[in-house]
Structure formats: structure tokens, C-alpha cells
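The residues of the chain are indexed from 1 along the displayed sequence.
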Amino acid sequence: MPETLRTSGKLSIAVAASRVLGLVREVLFAHLFGVGAIADAYQVAFRIPNLLRDLFAEGALSSAFVPTFLAALVGKAEDGAPDHEAAYRLGNLVLAGVLLATGSLSVLGFVFAEQVVWLIADGFEGSKLSPAAAAEKLRLAALLTRLMIPLLTVISVSAVWMGMLNAQKHYMAPAWAPAMFNVVSILAGAALLVIDPADATGIVVWSAATLGAGVVQAAVQLPALWRLGYRPIPRLRGLTSHPGVRRIVRLMAPAVIGLAAMNINVFVNTRFAANLGDGPIAQLSYAFRVFYLPIGVFSVALATVTTTRVSEDVAKQDMRAFAASAGEGVSAVWMLMTASTVGLVVLAEPVVRVLYFSFSDAEATATAMVLSAYVLGLLPYGLVKVLAPVFYGLDRPRLPLLASFAAVAVTIGFNAATYETYGAPGLALGTTIGALVNITVLRLGFRRAVGALPGVDLRQLAALLVANAVLGGVVFVAWYGVEQVIGQAGFGWSLRVAGLAVVIPIGFFTYVAILRALAYPGAALLWALPSKLWRRIRGGQR
């Protein structure tokens, strides 16, 4: 556990920077376009390439490509060294296949943009919108879709290069690449603040900048690969006959569905939310951005490290180490995600009011309710992120496939039955319930395929319960005091920022101190992390 946390901790710093910049990007977007028809149209249009990216690029492709690339790399060259030439040959074959497949999908998405938007958002023909308003919203979403659909190809190329770097344990360049995406978007947003065009023109500019940001995200990874000896030369010759490519395709087919639960659920939520009038789609997106921050910072980093380790363990046929690596990732997710859940449930509304400061009271309260429902799924989502890729390293993609089918079925059933009653918060809750089903099936499947999964035992679970109960109480009382000061002194936004800057560290140190006293694995390392970061900031020892 300490080694897993130490490695993923370095990665988490880069991922955290990206997620924080992503929040800045989202806040800037909210300030520019608010919660309404234009914001809804953009979220639907962006969701189309984003979903395909997660399914075919950063999701299925990464899960199938990393263990296959590692297997090619571990197969030694004649001098006993890793066979980089064979691995890079495989990488260029996959690059060519990705360009061909995603390029074709992008062309289809461009041609049939209106039909795709209608399929996702039901044409925005909800009972709360007039036919004319729905038609205008559909037209704008289709235009934005055409602008952003090439993102699928660009980010797929980025995913191939990311997998090659991660497989060689060069984590930092691919971890910083998404930060560059957000930096470009933020610069575009800042320009729009200065120029102040009409909303319809502004959203077109923002969408074009989103595509440019994707190009930057891919390009910044290439220098690191170049230094490792890789040259990006797509090769179609041998694409269909190479055993590594065949393995990737075989793994990807079920992986497309196996890793799709969260994204399909988001799509389903979009379709239901489109029938609730203007606002719910944007509320779900804004809340999801905050919800995904701890997943991105902690679970994605842990999943990246865990996937590389278990793939290496399988390539070496060391199943004992394989189970231990998977268990360490699971135990770390429990420690980090339970605290994130408790903290965000208590602080949902002040966090929303601070981040989305231009929202009205009603908009902030509505978004906070959606966020509270989402964060109940932090632990199961985090566990799925770490555990699902493990099965692809084992060449057992059917188990995540079964888990995703079950999760999607439960989510669709729950949302179809309740969305008119519970609105956007109910849609977020349905996604959480689906994640619980997903991780339950994965845990049962791991036991059948491998055996008992090392992780959180009863003593550690008791430590987590005690620490989280104290964390929730401390944060609740501390924030109640902040609210009393705000009520008397005014200056609500600035005092909320200052209050969160005080309350969150208090909660963190309280939680980690209790776990450290109760000897939870990795808690001592987490306790020392702030001081290490401070020494690095001051230019001290590394």
C-alpha cells in the first residue's frame, strides 16, 4: 500500500492540477453561459465525442492496449533487454487502426449530427419547452457537435501515446496532458470575457477552442515518447494479422461495453433531463465536474498505477503479486473515497456557491442537491475505476461486461420510474445505484476468477467508520460556525472561500490523524504528504 500510494501520489499531483484547472474551466463556462438553453446545447454536443472517447479511446483502448503493449515489451530482445522495437511496431499499427476507425466515426458524426443529437436528447422536445425553442436548441447542438466531433480522433491518438508512456512507467507527461487541454480552454474563455460576444457566437468560439485544446493534449505527450525512441509512423500493413492487434480487438469488443457503465448512464440521464426543461442538463454537468474531481485525482491515478502493475504481474505469471497489487489499489480507494464522500455531502452547497458564484440561490441549491446524490457513488465509482481494468490484464473481459450490463439495466429502470418525480437529483442517484451494482458484480467475479481480493478487513473497516464519523461531525460543526459569521458579517462569497480554506484542512488532518492512530495502511504516508509538498514548494529536499 505505501508504495502504491507513493507512486500514485506523484501522479495525483499532476492529475489534481488538471482537475483543478478543469474546475476553473467549468466555472468560467458557467459564468459565460449560465444554466440554460445554450449551456444545455453545448453539454449535449460535447457529450457525444466525450462518450465515444471514453468508450473507444481512454476507456476500452487503454484497458486493452496497456497489457498488450507491456507483453510485447516484456518479451525480451536478443540481448535480454526489453524489446522496444516490437512494442513500438505494435504501437504504430494500433495508431493506424485508431486513425482509420475513429476518423470514420467522426465523419459519420459530422454528417448525421442532427440525428445523433435527437437520439441523445430526444430533440429537446420536453413538455416544458415550446416546439420552436426545442428546434432552435437542437440546431445549435448539432452545429456544436460538428465542430467538436473530430475530438474523438484527436483524443484517441492521445490515448495510444498515453498507454505507451504509462506501460513504460513514464506517468507524468500523460498526467499533465489533460491540464494543457484545460489551459487552452481557459485562455479561450478569458478571451471571450474580454471580447464579450453574443452567447450563440461565444459558444461556437468555445467549441472550436475545445477541439484545439484536444490537439494540444495529444501533442504535448509526443516529446516524451520521442526521447524514448518512438517515432509516430502509422502502419496499415500487417494490421489485421498482428497477434497483438488481434488481442487488443478481442479485448476491446467487450471492453467497449464493460467500461461504458458510467458513460452510458450519463447519456441516459441526458435523455431524461432533456425532458425536464432548461437547466437540468447543465446542473448534472456542473455537479458531475465536482463529483469527478476526487475520482480523477485519486482513483484515476491509482487505476493507472494498478493497471500497469497487474499487467506486469500477469506477464510474469506472478498471480500472488497480481492479487496483492489489486488489493492495494482497492484499500487506498476506500481510504480516500469514503472521506471525500463525507466531506462533499456536508459541504455540497458551500462548494457549489463558491465555484459557481454567478448562480442564483435557487440554481446553487438545485445543483448542490444533484451533487449530493452523485457523491454517494464516489466509493463504488472509485472501486470500479481500479478494479475493472484488472480483468483485461487477465484476459477476462466478460466479467466487467456483465457488471456493466447489470449497472446500466438498474440505472435505466430506476431513472425511468423516478425522473419525473425526483428530477435531476434522482437521475444522479440512479447513477450511484448503478455503480453499486457494478462493483458488487466485479467483486464477486474477482473471487470466482482469482480468489479472495486483499483489501479492507473488519479492523480497517471499523477504523474507517470511526474516522469518517468524526470527520463528518467536525466539518459540520466547523461549517456551521462559518455560516454564523457569514450571516452577521456579510461578504458571503469571500467568507465562504476563506471558510472552506480552513474547514477542509481541519477535516483532512482530523481524518488522517485518526486513521494513523488506528494503524490504517497508508495513513502515515498520507499524514506526511502536506509537509513533503511544502518542502518541495520551498525548494527543499525531494
Side-chain angles (χ1 to χ4, degrees), residues 30 34-37 39-41 43-44 47 51 117-131 133-134 137-138 141 260-292 341-342 344-353 356 359-381 384 404-441:
V35 179
D40 280 357
Q43 299 298 347
V44 169
R47 201 154 287 168
L51 173 75
V117 170
W118 190 93
L119 180 66
I120 296 168
D122 200 19
F124 300 105
E125 294 174 355
S127 59
K128 298 182 180 180
L129 288 177
S130 68
K137 204 169 175 180
L138 174 63
M262 181 166 65
N263 300 285
I264 291 175
N265 290 341
V266 170
F267 244 10
V268 171
N269 288 350
T270 301
R271 189 171 177 87
F272 287 128
N275 288 307
L276 297 174
D278 288 337
I281 293 178
Q283 290 166 13
L284 285 163
S285 178
Y286 295 141
F288 189 81
R289 171 64 71 175
V290 182
F291 158 75
Y292 207 76
T341 300
V342 172
L344 276 173
V345 166
V346 176
L347 298 174
E349 186 154 345
V351 166
V352 168
R353 288 181 180 275
Y356 304 118
F359 284 9
S360 67
D361 288 345
E363 290 169 344
T365 300
T367 305
M369 290 176 65
V370 176
L371 175 59
S372 296
Y374 264 138
V375 298
L376 295 176
L378 276 175
L379 177 60
Y381 266 132
V384 168
S404 293
F405 268 130
V408 170
V410 169
T411 300
I412 292 175
F414 179 87
N415 287 348
T418 64
Y419 81 97
E420 290 182 328
T421 303
Y422 299 123
L427 295 176
L429 183 60
T431 305
T432 293
I433 294 171
L436 285 169
V437 173
N438 197 329
I439 191 58
T440 300
V441 176

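Using a 4.5 Å heavy-atom threshold, the side chains of V352 and V290 count as separate. Considering only heavy atoms from C-beta on, S404 comes within 4.5 Å of N438 through its side chain. Side-chain contact check for T411 versus I433: every heavy-atom pair is 4.5 Å or farther apart. Proximity of Y422 to L429: side-chain heavy atoms (C-beta onward) are nowhere separated by under 4.5 Å.
Of all heavy-atom pairs between A424 and L276, the closest is N-CD1, 4.0 Å. Heavy-atom minimum distance, A287 versus L371: O-CD1, 3.5 Å. The shortest heavy-atom contact between I281 and A273 is CG1-CB, 3.8 Å. Scanning both residues, A428 and A373, for their nearest heavy atoms gives CB-CB, 3.8 Å. Here the closest non-hydrogen pair linking A406 and V437 is CB-CG1, 3.6 Å. For the residue pair P425 and V370, the shortest heavy atom distance occurs at N-CG2, 3.8 Å.
Ring planes of F288 and Y292: parallel class, angle under 30° (limits at 30 and 60°). Between Y286 and F359, the angle of the ring planes lies from 30° to 60°, which puts this pair in the tilted group.
T367 and Q283 share no donor-acceptor pair across their side chains, judged by distance under 3.5 Å alone.
For the pairing with Y381, the side-chain contact (heavy atoms from CB on, under 4.5 Å) check across T431, V375, I439 returns one residue only, T431.
Residue Y374 holds its OH atom at 7.5 Å from CG of L427, rounded to the nearest 0.5 Å. A distance of 5.5 Å separates OG1 in T432 from CG in L376, rounded to the nearest 0.5 Å.
For the salt bridge (charged side-chain N to carboxylate O under 4.0 Å, His left out) test, no residue two or more places apart in sequence or in another chain qualifies with E363. Qualifying salt bridge (charged side-chain N to carboxylate O under 4.0 Å, His left out) partners for R353, counting only residues two or more places apart in sequence or in other chains: E349, D361.
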Assess whether side chain to side chain contact (heavy atoms under 4.5 Å, CB included) is satisfied between Y356 and R289, documenting all intermediate values.
-> CA-CA 12 Å; Y356 304 118; R289 171 64 71 175; 4.1 Å; yes

